[in-house]
Amino acid sequence: MKTTPMGQYWKENKHRSKVRYNAYRERVIKRGMTFEQAITSPKERFNNTSDDYKKWSEIAVENGINKNVFWHRHFTFKWSLEKAATTPIRKKKVVDNGRQTVKRMIEAGAPIPKKYIKRYPELFNTRAGA
């Protein structure tokens with residue numbers, strides 16, 4: 001199979017390469033780099049994050065808002081950067097366990113099922129002594 005000069009240069013020098021073959025090829029063909037430049041230039045990193053976004057994400061962290069939550073609010077919910085960074089996170093609802101339910105039933109004077117009397121006897125011992 002016939003090899004182009006670009007491909008031949010790659011075969012001889014790929015051990016020195018900072019990029020994969022496709023990136024090397026694109027650099028030579030589309031960007032007009034020399035073979036040596038294309039093979040030895042480090043990978044480019046694309047960071048399109050605006051300074052405004054960075055500023056507000058730092059404010060969000062200061063306000064106790066995780067960066068992922070901030071990102072989600074801004075890009076998914078289409079909130080403004082300011083709103084996403086400054087609106088507090090809602091507190092999770094306290095899970096109502098059976099003990100709290102039984103206490104409310106006692107306070108309301110409602111009949112208590114036997115299973116709760118067996119499960120939480122301490123709530124009824126203090127009631128009986130009063």
Side-chain angles (χ1 to χ4, degrees):
M1 187 166 152
K2 188 175 177 183
T3 306
T4 63
M6 181 178 69
Q8 187 62 37
Y9 190 83
W10 171 261
K11 283 182 181 177
E12 294 168 0
N13 295 288
K14 66 181 174 184
H15 64 279
R16 301 185 307 120
S17 180
K18 306 266 186 194
V19 294
R20 295 181 187 251
Y21 179 75
N22 286 340
Y24 161 74
R25 188 171 181 276
E26 187 229 335
R27 287 174 171 192
V28 172
I29 294 170
K30 291 186 179 175
R31 297 188 191 176
M33 290 182 163
T34 64
F35 296 159
E36 184 64 21
Q37 287 174 327
I39 212 165
T40 57
S41 299
K43 291 180 181 179
E44 296 174 2
R45 300 227 178 242
F46 295 99
N47 186 350
N48 297 332
T49 308
S50 69
D51 291 336
D52 204 29
Y53 181 87
K54 288 178 188 176
K55 177 186 93 171
W56 283 107
S57 71
E58 293 304 318
I59 292 171
V61 170
E62 290 170 10
N63 289 334
I65 300 167
N66 183 303
K67 282 187 179 185
N68 290 333
V69 172
F70 171 73
W71 183 91
H72 194 71
R73 286 173 164 186
H74 179 64
F75 289 105
T76 304
F77 299 138
K78 307 297 183 202
W79 288 14
S80 69
L81 292 171
E82 182 179 2
K83 181 179 177 185
T86 57
T87 303
I89 295 176
R90 284 187 298 183
K91 302 270 187 207
K92 291 184 178 179
K93 292 181 180 178
V94 177
V95 177
D96 184 24
N97 63 20
R99 182 180 309 275
Q100 292 168 335
T101 302
V102 173
K103 284 181 181 179
R104 279 193 235 110
M105 291 169 76
I106 292 170
E107 290 169 5
I112 313 294
K114 289 181 184 176
K115 67 178 184 179
Y116 292 123
I117 295 170
K118 289 179 184 175
R119 194 175 296 160
Y120 307 111
E122 67 277 3
L123 295 176
F124 300 98
N125 292 342
T126 56
R127 183 174 177 226

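In terms of modelled atom types and a separation under 3.5 Å, the side chain of N63 and the main chain of P88 share no donor-acceptor contact. Side chain of Y24 to backbone of K14: no donor-acceptor contact under 3.5 angstrom is found.
For V102 against L123, the heavy-atom pair with the smallest separation is CG1-CD1, 3.7 Å. Scanning all heavy atoms of the two residues, the minimum distance from M105 to P113 falls at CE-CD, 3.5 Å. Here the shortest heavy-atom pairing between A38 and V19 reads O-CG2, 3.7 Å. Contact detail for M33 and S41: the closest heavy-atom pair is CE-OG, 4.3 Å.
Note that the OG1 atom of T86 and the CD atom of E62 stand 12.5 Å from one another [nearest 0.5 Å]. Note: H74 NE2 to K83 NZ = 13.0 Å, rounded to the nearest 0.5 Å. Taking CH2 of W79 as the reference point, atom CZ of R73 lies at 4.0 Å (rounded to 0.5 Å). Between the OH atom in Y21 and the CE atom in M6 there is a gap of 4.0 Å [rounded to 0.5 Å]. Going from atom CD1 of I39 over to atom CZ of R27 covers 10.0 Å, rounded to the nearest 0.5 Å.
For E58, the side-chain hydrogen bond (donor to acceptor under 3.5 Å, both in side chains) criterion is met by K67, not counting sequence neighbours. Taking N13 as the reference, R16 meet the side-chain hydrogen bond (donor to acceptor under 3.5 Å, both in side chains) condition, with sequence neighbours excluded.
Below 30°, between 30° and 60°, or above 60°: for Y9 and F35 the angle between ring planes is between 30° and 60°, a tilted geometry.
Using a 4.5 Å heavy-atom threshold, the side chains of K43 and K18 count as separate.
I65 shares a hydrophobic cluster with Y53, W56, I59, V69, F70, W71, F75, L81, I89; the chain of contacts runs through ILVMFWY side chains whose heavy atoms sit under 4.5 Å apart.
Around the CZ atom of R119, the shell of radius 6.0 Å holds more than 12 heavy atoms that belong to other residues, nucleotides or ligands.
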